Amino acid sequence: MPELPEVETTRRGIAPHLEGRRIVRVIVREPRLRWPVDPELPAILEGQTVHAVGRRAKYLLLATDAGTVLLHLGMSGSLRLVPAGTAPGRHDHLDLCLDDGRCLRLNDPRRFGSVHWTGDAPETHRLLAALGPEPLGTAFDGAHLYGLSRGRTAAVKAFLMDSRVVVGVGNIYASEALFRAGIHPRRPAGRVGRGRYLALADAVREVLGEAVAAGGTTLRDFVDSDGRPGYFAQSLRVYGKAGAPCPACGATLRQERIGQRATYYCPRCQR
DNA sequence: ACTGGCTCCTGAGGGC
DNA sequence: TGCCCTCAGGAGCCAG
């Protein structure tokens, strides 16, 4: 399931195949995604040309003259380009068929993904309007985290995963970034100092940047738009490694639940 | 204003 | 082989 590096890998994979292409047909086989797919979507989209494939947080943005498609992959979604007429498989919920004889096909077993349309500037859409800065952009740094965290009692890991604070830091990379910064995931966000937030912001940039460069992390069912796995899984230092020795100090790594999410950390390195 | 908990859904894996 | 349980990468929404 996609975190930000997987979404960015998907964006880079599909963008050259979509940009400049006209959508000739939209097939919705299963509208019951996280939110129901607008029944008007096919009529709105057919005939539109995709000018650009962008991304905001984990939303892919397909820009056309008339508006923008907001596409979220949820926990189990993936996109593939297939020749028109390719028989749909289980959980192939939606096709955007292009004027070159291929279709962008959305597969999502858990149906936590979504497809929205907006005719307005996408950043004003209700799902995007309140989002924090991009972790790889210039507005995100340690001072930003420090400023927002004063007085907050929630665990720093939950704080880091709050999309109003910073977008795109999912469960895997939150554990990885906190490990690299040496911060205990359960520490109250308001009790992490400025210097440590500078280190944390650097760690977030570093881990996400490395993961994007590696093509994402493969866990279970993620494949990029060409069907190849990502290679970041072998670079994970703590995620999924409870019981294994800490790669830095050798102490036994632990798993706990924080905010209903599995969290991995080193009890000696992280304070 | 925050916080924690719940929710949507399918599939994989473990224990018996 | 089958059944039942738990868990999984997201994130919006709600009550307190």
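Note that the structure is predicted; figures quoted are calculated from it, not measured. Computed from heavy atoms alone, side chains included, the values below leave out hydrogens, waters and symmetry copies. Here is the naming used below: chain letters follow the sequence lines, and residue numbers restart at 1 for every chain.
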Which nucleotide in the list [options] gets nearest to the side chain of [X]?
X      : options                : answer
A:R126 : C:dG12, B:dG5, B:dG4   : C:dG12
A:E3   : C:dG10, C:dG12, B:dG11 : C:dG10
A:S163 : C:dA8, C:dG12, B:dC6   : C:dG12
A:A154 : B:dC9, C:dG10, B:dT3   : B:dT3
A:R257 : C:dG12, B:dT3, C:dA8   : C:dA8
A:R164 : B:dT10, B:dT3, C:dG12  : B:dT3

(Q) Please give the distance between the P atoms of C:dA11 and B:dA1 as a whole number of Å. (A)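 Each nucleotide's P atom is 23 Å from the other's.
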Q. Would you say the side-chain atoms of A:D120 and A:H125 include a donor-acceptor pair closer than 3.5 Å?
A.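 On atom types as modelled, these side chains do not qualify, holding no pair under 3.5 Å.
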Q | Test side chain to side chain donor-acceptor pair (under 3.5 Å) applied to A:H72 and A:R34, step by step | A | CA-CA 9 Å; A:H72 200 290; A:R34 169 139 198 211; over 6 Å; no
Q. Counting only Watson-Crick or G-U wobble pairs whose two distances fall under 3.5 Å, which nucleotide matches C:dC14?
A. B:dG4
Q.
By a 5.5 angstrom centroid cut-off and a 30 degree plane limit, is there stacking between A:F112 and C:dA11?
A.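 Stacking between A:F112 and C:dA11: absent.
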Q.
Using only atom types and a distance under 3.5 Å, with no angle test, would you say the side chain of A:N171 pairs donor to acceptor with the backbone of A:A262?
A. yes
Q: Looking at every strand, decide which applies to A:R34 at a 4.0 Å heavy-atom threshold: base, sugar-phosphate, or nothing.
A: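 The residue A:R34 makes base contact.
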Q) What about A:W117 and A:L60, same hydrophobic cluster or not, with Ile/Leu/Val/Met/Phe/Trp/Tyr joined at side-chain heavy-atom distances under 4.5 Å? A) yes
